[in-house]
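Written out below as C-alpha cells is the structure these notes cover.
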Amino acid sequence: MSSQAVTSSEDIFDSSLNLEDIHYKEGYSVGYTDGLNSGKDEGKQVGLKKGFEVGEELGFYKGCVDVWDAAILVEPTCFSSRVQKSIKQMDELLNKYPFSDPENESATDIIDSLRLKFRAICATLNIKPEYDGYPKASGIDNSGF
C-alpha cells in the first residue's frame, strides 16, 4: 500500500476518533453563549430588584427626616439638640448618597451609616417604627390582616 492510501485511511478514522472532542467543543460553545445571555438577563433582574429595594429604603429614611424636620419647624423644642443634630446628619447622608453612580463604594458605607443613625434616633425618641422593606429581627410574618 502506498503512503497516500495510508494517509487517506487515517484521515477517515481521525474524524471518527475526534468526534467526541468536536462535539464537546461545539456543546461548550453553544452552552457558553446561552449562559452568557441568560446570565445577563438574570443579572439585570437582580440589579433592578436590588436597586428598587435600596431606593425604597432611602425613600423611607427621607420621609422620616422630612416629618421630623416639619415637627421641628412647628415646635423647635420638640426634640433635644442631640436628636436635631442627628436628624441633620441623617439628611446630609441622604444628600451625599451617590444615586447617579450605583457602583460607588461609598454607597454601602452611607446606607450603613443611615441605618445606624436611624436606629439611634429611634432609640433616643423611644419609638419603634418598622420598615417593611428589609427583614425584621423578630421574624414575625405580617402578611395577613
Side-chain angles (χ1 to χ4, degrees), residues 6-145:
V6 171
T7 306
S8 66
S9 66
E10 285 178 5
D11 289 342
I12 293 171
F13 293 119
D14 279 346
S15 64
S16 297
L17 295 174
N18 293 328
L19 190 61
E20 180 181 358
D21 189 44
I22 291 168
H23 285 293
Y24 174 81
K25 288 178 182 177
E26 184 179 315
Y28 178 85
S29 176
V30 170
Y32 182 84
T33 304
D34 288 348
L36 189 62
N37 290 335
S38 66
K40 285 181 181 178
D41 292 341
E42 186 177 333
K44 182 179 178 182
Q45 293 302 317
V46 170
L48 285 171
K49 182 178 185 251
K50 280 297 179 188
F52 180 80
E53 289 171 0
V54 169
E56 185 179 36
E57 184 176 359
L58 291 171
F60 173 76
Y61 294 141
K62 182 64 175 162
C64 290
V65 167
D66 288 347
V67 168
W68 292 329
D69 281 340
I72 291 169
L73 285 175
V74 171
E75 181 61 46
T77 59
C78 65
F79 300 129
S80 69
S81 61
R82 188 174 120 203
V83 170
Q84 288 184 22
K85 181 181 174 188
S86 293
I87 292 169
K88 184 179 179 195
Q89 289 172 341
M90 198 168 167
D91 192 33
E92 290 170 356
L93 284 169
L94 284 165
N95 290 330
K96 277 196 323 188
Y97 190 83
F99 289 101
S100 60
D101 185 14
E103 294 181 13
N104 190 329
E105 293 177 10
S106 69
T108 305
D109 295 336
I110 291 172
I111 199 113
D112 289 343
S113 297
L114 279 167
R115 288 174 181 148
L116 288 172
K117 193 65 69 178
F118 178 74
R119 280 190 230 128
I121 292 169
C122 290
T124 304
L125 296 176
N126 199 24
I127 58 173
K128 298 182 192 237
E130 290 193 16
Y131 171 62
D132 292 332
Y134 57 87
K136 299 173 194 65
S138 62
I140 298 172
D141 181 23
N142 290 330
S143 59
F145 291 99

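Only this structure's heavy atoms are used, side chains among them; waters, hydrogens and symmetry mates stay out. Positions are given from 1 along the sequence.
- The neighbour count for Glu75 CD, taken as heavy atoms of other residues, nucleotides or ligands under 6.0 Å away, is above 12.
- Scanning all heavy atoms of the two residues, the minimum distance from Met90 to Trp68 falls at SD-CZ3, 4.3 Å.
- The two residues Pro129 and Phe118 have their closest heavy-atom pair at CG-CZ, 3.7 Å.
- The two residues Leu93 and Ile110 have their closest heavy-atom pair at O-CG2, 3.5 Å.
- Expressed to the nearest 0.5 Å, how far CZ of Arg82 lies from CD1 of Ile121 amounts to 10.0 Å.
- Leu114 contributes atom CG, which lies 9.5 Å from atom NZ of Lys96 (distance to the nearest 0.5 angstrom).
- No more than 12 heavy-atom neighbours from other residues, nucleotides or ligands sit within 6.0 angstrom of OH on Tyr24.
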For this session: For Ile111 and Leu58, run side-chain contact (heavy atoms from CB on, under 4.5 Å): C-alpha distance rounded to whole Å, both residues' side-chain angles, the deciding distance at 0.1 Å, then the answer.
Result: CA-CA 8 Å; Ile111 199 113; Leu58 291 171; 3.6 Å; yes
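- Judged by distance alone, the side chain of Asn95 and the main-chain N or O of Asp91 form a donor-acceptor pair under 3.5 Å.
- Side-chain atoms of Ser29 never come within 3.5 Å of backbone atoms of Lys25 as a donor-acceptor pair (strictly under, hydrogens ignored).
- A salt bridge links Arg115 with Asp112: at least one charged nitrogen is closer than 4.0 Å to a carboxylate oxygen.
- Of all the heavy atoms in Gln84 and Ile72, the pair that sits closest is CG-CD1, 3.6 Å.
- Scanning all heavy atoms of the two residues, the minimum distance from Phe79 to Ala71 falls at CE1-CB, 4.2 Å.
- To the nearest 0.5 angstrom, Ile87 atom CD1 is 6.5 Å from Leu125 atom CG.
- From Lys88, atom NZ reaches atom NZ of Lys117 across 12.5 Å, with rounding to the nearest 0.5 Å.
- To the nearest 0.5 Å, atom SG of residue Cys78 and atom CG of residue Leu73 are 9.5 Å apart.
- Atom CG of Asp69 and atom SG of Cys64 lie 11.0 Å apart (nearest 0.5 Å).
- Heavy atoms only, all atoms of each residue included: Ser106 and Pro98 are closest at OG-CG, 4.1 Å.
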